Amino acid sequence: MTDNNKEIEALEEVAVGQDGLNEEAGLSADSKLKEALKKIEETATEEDPRPSQHLSLRTILGGDLLSTQMVRSQIWLFVLIVFFTIIYVAFRYQCQQDMLTIDRMEEQLKDAKFKALSSSSTLTEKCRESHVLDILKQSNDSLLHQADQPPYIIQVTE
C-alpha cells in the first residue's frame, strides 16, 4: 500500500506542476488526477505484493501460508489429495471389517468341522458290528440275532 501512496503523491505533484499546461489544453488538474487514480485502480490487485520467502511456524500457524498465491494456484491438488485420502480411509475401514468377518466365519467353520468330526466318530462307533450285536443281545424283544450258518451263494440257471 505504501507504493500506491507514493504513486498517488507523485501524480498529484505532476498534475499540480503541469497545471498551467493542462489548462491551456482544456484539461484541469482535477481531471488529470482522476484519470491517474483510475489507472491506479485498474492496475491495483489484491495479491500480496511481497511474497513470503520466510517460512516459520508463526507463518504456518497464523494462516499466512494459506493466503499466498502458491496455495491458491494449487487448490485443486489439495482437493484431490483430500479426496484420495478419504477414499483410502474408507477402503481401509471396509477391508478391516471384511477381515473381521472372515475371522469370525473361520471360527464358525472350525467349530462346525469339529462337531461334524465328533458326530461322524460317534456314528461310526455305534454302527460297528460288535456294538450292534451287543445292543441286540441286551434287547430281548428283538427277533434279530447272529447267523449260525455261513452265507452261501445261490446259483440261478438261465
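Numbers here are sequence positions counted from 1. Nothing here was measured: the structure is a model prediction, and the numbers come from that model.
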- Note on the structure: When every non-hydrogen atom of E125 is compared with those of H131, the smallest separation belongs to O-CB, 3.7 Å

- Item | C95 and its side-chain contact (heavy atoms from CB on, under 4.5 Å) partner, picked from M99, R92, Q97 | M99

- Query: Taking side chain as C-beta onward, heavy atoms only, is I154 less than 4.5 Å from Y152?
  - Reply: yes

- Message: Which Ile, Leu, Val, Met, Phe, Trp or Tyr residues join Y88 in one cluster when any pair of side-chain heavy atoms under 4.5 Å counts as a link?
- Response: V89

- Item | Other ILVMFWY residues reachable from V82 by side-chain steps of under 4.5 Å | I86

- Query: Can you name the residues that form a side-chain hydrogen bond (donor to acceptor under 3.5 Å, both in side chains) with D98, not counting sequence neighbours?
  - Reply: Q94

- Task: Please indicate whether E129 has more than 12 foreign heavy atoms, meaning atoms of other residues, nucleotides or ligands, lying under 6.0 Å from its CD.
- Result: no

- Task: Give, for atom CZ of R128 and atom CG of L133, the distance between the pair rounded to the nearest 0.5 Å.
- Result: 13.5 Å

- Set of side-chain contact (heavy atoms from CB on, under 4.5 Å) partners for L109, sequence neighbours left out: K113

- K126 vs T122 side-chain heavy atoms within contact, under 4.5 Å: yes

- Mind checking the OG1-CG spacing from T85 to L80? Nearest 0.5 Å is all I need. 9.0 Å

- Query: When rounded to the nearest 0.5 angstrom, what distance separates CG in L123 from OG in S118?
  - Reply: 11.0 Å

- Hey, what do you get for CD (E106) to CD (Q108), rounding to the nearest 0.5 Å? 11.0 Å

- The reported gap from OG in S120 to NZ in K115 (rounded to nearest 0.5 angstrom) is 15.5 Å

- ILVMFWY clustering at 4.5 Å (side-chain atoms), partners of L117: none

- Message: Can you list, by chain and residue number, the hydrophobic cluster partners of L61 when the side-chain cut-off is 4.5 Å?
- Response: L57

